[in-house]
Amino acid sequence: MLNKLISSTGFPITHCGAGITILSIDPLGNVYPCVKLHHADFKITNLIKSTAVIDIKNNRNRVLENELVDSINKCKNCEIKYICGGGCRAEEYYVSKNNKNYSQCDIQKGNLAYFLENINEKKNYTFFVFKCTCFIFYDFVSVEYTLGSF
């Protein structure tokens, strides 16, 4: 029911935005879909190339055709796919390659259940820890915490 309501408005969240609304450029001009995906596997192009704009547009079209929640096998029948958008693609890539059982699904579903159970409370408290993930880039570690408050 919730999916139908959200998708009928035309504003469902169908992707994290990497490569669609977000790009990251390193100091050498290499273009990646997101700051967390500075890895050779994800390099889209280099700004020095004469085809850079075309490469970026082609990558965006590829993502739109193949990587939205309606195209991801584990998301296709999920009840909250238009709320979480399939989660963070970088987190899935880095964590799941070492832990094949890893999935953000339980975290997202738990967050939504907690929110829905507590939305009518008149308290001011912090809820939703969307991500608490450690990424290792080059020789440093980046830890990201995203909190929401209500």
Exercise. In chain order, what residues pass the side chain to side chain donor-acceptor pair (under 3.5 Å) check against Lys109, with sequence neighbours excluded?
Worked result: none
Exercise. CG of Asp41: more than 12 outside heavy atoms within 6.0 angstrom?
Worked result: yes
Exercise. What are the two closest non-hydrogen atoms of Gly86 and Cys75, and how far apart are they?
Worked result: CA-SG, 4.0 Å
Problem set entry | Ser71: side chain to side chain donor-acceptor pair (under 3.5 Å) partners, not counting sequence neighbours | none
Problem set entry | ILVMFWY network linking Ile83 to Phe115, side-chain heavy atoms under 4.5 angstrom | yes
For this session: Report the residues that fulfil side chain to side chain contact (heavy atoms under 4.5 Å, CB included) with Cys84, sequence neighbours left out, ordered by chain and then residue number.
Result: Gln108
Exercise. Looking at CG of Asn59 and CG of Leu23, how far apart are the two atoms once the value is rounded to the nearest 0.5 Å?
Worked result: 8.0 Å
In a table with atom names and distances, give each donor-acceptor pair under 3.5 Å that connects a side chain of residues 47-54 to protein atoms at least two apart or in another chain.
{"unit_1": "Lys49", "atom_1": "NZ", "unit_2": "Asp55", "atom_2": "OD2", "d": "3.3"}
{"unit_1": "Thr51", "atom_1": "OG1", "unit_2": "Asp55", "atom_2": "OD2", "d": "3.1"}

Seminar exercise, completed: So the ring pair (Phe, Tyr, Trp, His ring centres under 6.0 Å) pairs with at least one residue in residues 41-80 (sequence neighbours excluded) are Phe42-Tyr93
For this session: Indicate the atoms forming the closest heavy-atom contact of Ile56 with Ile44, along with that distance.
Result: CA-CG2, 4.0 Å
Problem set entry | Straight-line distance of Leu37 CG to Ile22 CD1, nearest 0.5 Å | 10.0 Å
Seminar exercise, completed: Sorted by chain and number, sequence neighbours left out, side chain to side chain donor-acceptor pair (under 3.5 Å) with Lys43 holds for Asn30
Exercise. Rounded to the nearest 0.5 Å, how far does SG of Cys88 lie from CD of Gln104?
Worked result: 6.0 Å
For this session: Can you see which heavy atom on Cys16 is nearest to which on Gly87, and at what distance?
Result: CB-O, 3.5 Å
Problem set entry | Sequence-distant partners of Arg62, salt bridge (Lys or Arg N to Asp or Glu O under 4.0 Å), two or more places apart | Glu67
Exercise. Side-chain contact, heavy-atom cut-off 4.5 Å: Lys36 with Arg89?
Worked result: no
Exercise. In terms of heavy-atom contacts, does CG of Asp106 have more than 12 from other residues, nucleotides or ligands at under 6.0 Å?
Worked result: no
Exercise. For Val63, what are the other residues in its hydrophobic cluster, where any two members join if their side-chain heavy atoms are less than 4.5 angstrom apart?
Worked result: Ile20, Leu64, Leu68
Exercise. Members other than Ile72 in its cluster, when Ile, Leu, Val, Met, Phe, Trp, Tyr link by side-chain heavy atoms under 4.5 Å?
Worked result: none
Problem set entry | Set of side chain to side chain donor-acceptor pair (under 3.5 Å) partners for Asp70, sequence neighbours left out | Lys81, Tyr82
